Amino acid sequence: MTSGGERGGGVTILHGIGVSPGAVCGRVVRLPDRATEPPAGPPPDDREAEAARIAAAAAAVAAELRARASCHPDVQPILEAAAMMAEDPALRQEAERLVREHGLPAARAVWETANRYREQLVAAGGYLAARAIDLDDVRDRLVAALLGSAGPDDSGAEQPYILAARDIGPADTVALRRDLVLGIVIEQGSPTSHTAILARALGIPAVVACSGALDLPEGELVTLDGDAGTVATGPDLAAPSTPRRPRRLVGPGRTADGVRIPLLANLDTLEEVEHAVAAGAEGVGLLRTELLFLHRGTEPGVAEQAATYLAIADRFPGRPVVIRTLDIGADKQVPYLPELEEPNPALGLRGLRLAREVRPELLDRQLEAIGRAAARTEADLRVMAPMVAVPEEAAWFAARARAYGLRTVGVMVEVPAAALAAGRLLREVDFVSIGTNDLAQYAFAAERTSGRLARLNDPWQPALLELIRLVGEAGTAAGRPVGVCGEAAADPALAAVLVGLGATSLSMAPAVLPEVGDLLARVTLDQCRAAAEAARAAADPQEARARASAVLGLGP
């Protein structure tokens, strides 16, 4: 089954995508939606007073988000980013304009403005599109504050339960009572949403993109499997136990037969570095630089960029730190970038294409900053470019990066053309890193943030594994590293499969490093290769996972 439910032996099984491992059994508690679409009228009597309410609501929402962030240091950067969204002056000013000039109520003005920005994020594709759910959460919080309505919560629960919802924002996820919530199943969402990342960080088993989740009756006894991505209902369900997982990577990443597989962290901000260090990360496999450039009116200077990169690199002396250059698209609202009209920004001037075709000086300043940091740190500072499709682009980027003294240069493999040409790409650069999230979305022509298409973006898709195999074989033939920095590496069983496909390093959210390291230490390279072959031969993601798990000794 690829979606919905199946029946057998009196048990109904709903299929979704497992995003946080663990198996739990409990009764369902339904979480209502936060907000409904506010009315467009009547016009306020005092438009100035109504417009002024927006700033007050934004301040209150931001304060609440920061208060929750202070109680959850593991996920503080995500909630801080949400607080910054709530206070975004561009959003506030546009909403105020709609009140003053069009007579909209404040809640409606915020709703329409946020939805317009949401469309732009989705159109930009990739990582930015995955942040649309975060903006939805901020929008709903602002609307609720303006309407004086309370948000959804689980304060009335008295017994352990499994939460079922249409979707749930990051701040609501961390507000759940950890002494009661056993697992989360949501009908929408994607493996790359912040909600999925937070569930992993908090150790809550979770399944997203699960059709039928909202049909689960309140109080129904269900078994949720965050590894298999299933929710089972029916009589005589056995309550599985969830083993306690280590919280820190113990020793360097390696297989049971001693093959070294460095386990690295994916990072967005300087604030996340300490979490990676605490989790035992062996370096940084992906440092996204977008947040340094967003939410501001001017481009960060070379000195500011260099200081940020250096501060991160210095926490990993002697270890790899891979910095990805800007991955933004033409439709993203960045005031100091030219606005480009494109019919489909996700397939347009995004990432390296934007830098090369429109703003090469922006890339040059970033490379200069990375070069300055590399010259002053003891870390093995590396750089890579996003959205590379052909060897000629890789050669252009490599020459530009090396002109700034950067010795180790790589590119992302995010589009099928790059996977097919991996051998030729590796003649131009020193390494490649596979972004499984974008590679899946472009391979299956399926927007990665779409809940309805989430099954196509399942990282266990055999066709996706076949593309990864091509890259792995090219790396082996060239004698050059092949990393994986997509969320696929956060699934322990899939991490072993990736190693079997030729990955020489894995990068993931810091919170899941210990579990991935634990599994790799229990399997040999030959087992990883056998699991990879079994998964590639499967007909669908569910069969791929089952076959690989059997080879790895993980059970059904």
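Model, not experiment: these values are computed from the prediction.
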What are the two closest heavy atoms between [X] and [Y], and how far apart are they?
X      : Y      : answer
Thr377 : Ala313 : OG1-CB, 3.6 Å
Gly253 : Arg260 : O-NH1, 2.5 Å
Arg324 : Arg288 : NH2-CG, 3.6 Å
Leu464 : Asp458 : CD2-O, 4.4 Å
Val28  : Ala164 : CG1-CB, 3.9 Å
Cys25  : Leu221 : SG-CD1, 3.7 Å

Looking at [Y] and [X], is there a salt bridge between them, counting it only when a charged N and a carboxylate O are closer than 4.0 Å?
X      : Y      : answer
Arg547 : Glu543 : yes
Asp438 : Arg350 : yes
Arg30  : Glu218 : no
Arg469 : Glu473 : yes

For Thr289 and Ile323: C-alpha separation, side-chain torsions, deciding distance, then whether side chain to side chain contact (heavy atoms under 4.5 Å, CB included) applies.
CA-CA 7 Å; Thr289 57; Ile323 299 178; 3.6 Å; yes

Looking at [X] and [Y], would you say the former's side chain and the latter's main chain have a donor-acceptor pair under 3.5 Å?
X      : Y      : result
Asp225 : Val231 : no
Glu282 : Pro262 : no
Asn266 : Cys485 : yes
Glu187 : Ser211 : no
Glu378 : Gly318 : no
Ser549 : Leu554 : no
Ser433 : Met412 : no
Gln527 : Val523 : no

Separation between [atom1] of [X] and [atom2] of [Y], rounded to the nearest 0.5 Å:
X      : Y      : atom1 : atom2 : answer
Leu425 : Arg480 : CG    : CZ    : 11.5 Å
Thr12  : Glu220 : OG1   : CD    : 8.5 Å
Leu501 : Arg529 : CG    : CZ    : 10.5 Å
Ile370 : Thr325 : CD1   : OG1   : 6.5 Å
Leu224 : Ile184 : CG    : CD1   : 9.0 Å
Leu14  : Asp215 : CG    : CG    : 8.0 Å

Check: [Y] and [X] side chains under 4.5 Å, non-hydrogen atoms:
X      : Y      : value
Tyr309 : Val321 : no
Ile261 : Val259 : yes
Val415 : Leu439 : no
Glu414 : Pro386 : yes
Arg315 : Glu274 : yes
Leu506 : Val499 : yes
Leu263 : Met508 : yes
Glu290 : Asp327 : yes

Under 3.5 Å side-chain donor-acceptor pair for [X] and [Y]:
X      : Y      : result
Thr408 : Asp430 : no
Asp526 : Thr524 : no
Asp491 : Trp460 : yes

Verdict with reasoning, Asp167 to Asp136, per side chain to side chain contact (heavy atoms under 4.5 Å, CB included):
CA-CA 10 Å; Asp167 211 334; Asp136 288 346; over 6 Å; no

Derivation and outcome, side chain to side chain contact (heavy atoms under 4.5 Å, CB included), residues Tyr161 and Leu163
CA-CA 6 Å; Tyr161 66 92; Leu163 183 74; 3.8 Å; yes

May I ask you to check whether over 12 heavy atoms, not counting those of Glu466, lie within 6.0 Å of atom CD?
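Yes.
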
Would you check, one step at a time, whether the test side chain to side chain contact (heavy atoms under 4.5 Å, CB included) holds for Met384 with Val409?
CA-CA 6 Å; Met384 64 181 178; Val409 181; over 6 Å; no

